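Residue numbers start from 1 in every chain, and the chains themselves are labelled A, B, ... in the order their sequence lines are given, proteins ahead of strands. The shown structure was predicted, so the numbers you read here are calculated from the model rather than taken from an experiment.
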There are 2 protein chains.
Amino acid sequence: MGEEAASEIQVLDGVEQAPSVYELIREDIISGRLNPNERLKVAELAERYETSTNPVREALQQLRGEGFVVMEPNRGARVMPIDESFVRDIIEIEVLVEPALTRWFVSIANAADIVELEAIQAQIEANNFEDRMKHGLLDTKFHQFIYDRHYNRHAAELWWKHREILRAISRRFPTSLSRRNSVLKEHRDLIEAIRAQDADRAAAVVAAHVQGSGRHIIEQMGVAQRNSGNWRSPRK
Amino acid sequence: MGEEAASEIQVLDGVEQAPSVYELIREDIISGRLNPNERLKVAELAERYETSTNPVREALQQLRGEGFVVMEPNRGARVMPIDESFVRDIIEIEVLVEPALTRWFVSIANAADIVELEAIQAQIEANNFEDRMKHGLLDTKFHQFIYDRHYNRHAAELWWKHREILRAISRRFPTSLSRRNSVLKEHRDLIEAIRAQDADRAAAVVAAHVQGSGRHIIEQMGVAQRNSGNWRSPRK
DNA sequence: AGTGCAAAAAGAATGTACGATCCAAGTCGT
DNA sequence: ACGACTTGGATCGTACATTCTTTTTGCACT
């Protein structure tokens, strides 16, 4: 399960050069082909991506700087292990940042922007979570549309980085029915608040949206843990 | 100007191993020995730190991941250039994050903590900005004391990273008299709010503190620019 | 002689290769 | 059990090939 999707980047316009090792490893982490806490041996990766050890080492260092990889001296690298508190930490930051970004959007959004948002939301509703990959793309597009033009590039990039980490995690779990409904409702509420130029309400909706998303992920993580680990028979 | 001060780290307790190239470069960036936007040539750095190119390349990649260095493909690396909007971006994020961290501190602080904070503040006031380096250390200690025990490590580290970047910048500029007074007053206000268990007021004070610090840095950057660049005689 | 442009050369980054060390873990013998 | 030995792998140094960018050079044309 999971050797497709290398194409996403590959096929763009033909003049594209081969993705760097950095991008490849990053994609493999985010898409789950490399699992959390998995050991990352330089030699293995070099072979896997058909390159030498040097680029791999450099890619790993960069990923360490970005927080996707942890390294212990002389013990090598592994994929950032993610636990519930890690998710909670990120979410807490996003609960602060995203409403602030949203407020700015409310203040600059024009009619065309709202039409665009509604179009994306229509696609999301049409898809109705059937194609998970597609839902992910559309949902990202929805929020990115709101944050992308913000003057604070630093904040927008922080959001993007966190989003990718969360995407890497939630990809592993299903989305509960109730969560699906909440997502749709919150998106609609958000569009409404924006249309009404109500920055406070938009910020509140986004805060709830993020909070809900975090809660959902953490719940799913708990479920998965109980289903896999030492659960069924504690005395085995 | 600038071949002293490599000792800061070197001399610690004798059992310390040599700092990594990564740490050395990072320190040189933060302390201003490497200037913003300065070109970072791998060969030069390798010689400077008496090592080979490989570790330098890796260090640069990691610093890129952390945002201290920017790299363009085939064009090499340079120290992250910092302009006013960059400072503003960081400050805007901190205005969101630091009050949140402070609230938590208010909820867990005990009498001993307040005594400790007051002790640090007393040292700050005793020093009264005379030894700039010392003030920097004490001020960092003051805020770190508040944030360090927060359960959200991710947020605390984000604060720390931003703090170091701001430190790298503000090190270049003097602190105006009015700013000095504000700093002292705000610190005292903060301690008071914490003692009174008034999270809202503590958060407000911190927000103002951060905002003021950012405004001050940006003003100083503007002053420095006008004093250096094409200012005195536009027709020279 | 001065100008513009393109080929050539120089400067660096990037990638490959390989050997030398060093460290942590596991293995084996006592 | 416990300590010496073995081993996998990370880390570092070095050298060299390749590729890209920038600068210089050389030459035709005005």
Side-chain angles (χ1 to χ4, degrees), chain A residues 6 9-10 12-29 33-81, chain B residues 6 9-10 12-29 33-81:
Chain A
I9 296 174
Q10 201 74 274
L12 270 172
D13 63 15
V15 196
E16 209 62 28
Q17 54 183 323
S20 65
V21 186
Y22 159 73
E23 290 166 306
L24 290 170
I25 297 180
R26 192 169 194 274
E27 256 306 299
D28 280 354
I29 291 176
R33 280 179 292 258
L34 291 171
N35 292 308
N37 217 29
E38 181 172 339
R39 186 82 185 280
L40 294 172
K41 302 184 195 176
V42 175
E44 268 182 20
L45 295 175
E47 191 181 4
R48 172 169 182 164
Y49 301 112
E50 297 176 297
T51 178
S52 61
T53 60
N54 225 332
V56 171
R57 292 184 57 79
E58 281 167 28
L60 290 179
Q61 293 290 352
Q62 190 178 347
L63 290 165
R64 154 152 94 167
E66 289 174 9
F68 287 101
V69 154
V70 294
M71 296 179 75
E72 289 174 278
N74 295 316
R75 305 282 314 283
R78 43 187 67 231
V79 178
M80 167 66 83
Chain B
I9 296 173
Q10 200 73 276
L12 270 173
D13 63 16
V15 194
E16 209 62 27
Q17 54 182 325
S20 65
V21 188
Y22 159 73
E23 288 165 307
L24 290 170
I25 298 180
R26 190 169 196 273
E27 255 308 298
D28 280 353
I29 291 176
R33 281 181 292 263
L34 290 171
N35 292 308
N37 217 32
E38 182 172 338
R39 186 83 185 279
L40 295 171
K41 302 182 197 176
V42 174
E44 267 182 21
L45 295 175
E47 193 181 3
R48 172 170 182 163
Y49 302 111
E50 297 175 297
T51 177
S52 62
T53 61
N54 240 338
V56 172
R57 275 155 67 170
E58 282 169 29
L60 290 179
Q61 293 290 351
Q62 189 178 347
L63 290 165
R64 155 152 95 167
E66 288 174 8
F68 287 100
V69 154
V70 293
M71 296 180 74
E72 289 173 278
N74 295 317
R75 306 279 313 281
R78 43 185 68 231
V79 179
M80 167 65 83

**Item:** Separation of dG15(C) P from Tyr49(A) OH (nearest whole Å)
**Value:**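 Distance, rounded to whole Å: 15 Å.
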**Asked** Hey, what do you get for CE (Met71(A)) to CD (Gln61(A)), rounding to the nearest 0.5 Å?
**Response**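 The distance works out to 4.5 Å.
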**Prompt:** Rounded to the nearest 0.5 Å, how far does CG of Leu63(A) lie from CD of Glu23(A)?
**Reply:**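 Separation between the atoms: 10.5 Å.
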**Request:** List for me each residue that meets salt bridge (charged side-chain N to carboxylate O under 4.0 Å, His left out) alongside Arg57(B), sequence neighbours excluded, and say none if there are none.
**Result:**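 In terms of salt bridge (charged side-chain N to carboxylate O under 4.0 Å, His left out), with neighbours along the sequence ignored, Arg57(B) is linked to Glu58(A).
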**Contact check, side chains of Tyr49(B) and Ile25(B), non-hydrogen atoms, under 4.5 Å** =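 Of all side-chain heavy-atom pairs linking Ile25(B) with Tyr49(B), at least one is under 4.5 Å.
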**Shortest non-hydrogen contact between Pro81(B) and Pro36(B), atoms and distance** =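 Shortest heavy-atom contact: CA-CB, 4.3 Å.
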**Message:** Can you build the contact string for nucleotides 8-19 of chain D? Use B for base contact, S for sugar-phosphate-only contact, and - for no protein heavy atom under 4.0 Å.
**Reply:** -SSS-BB-----
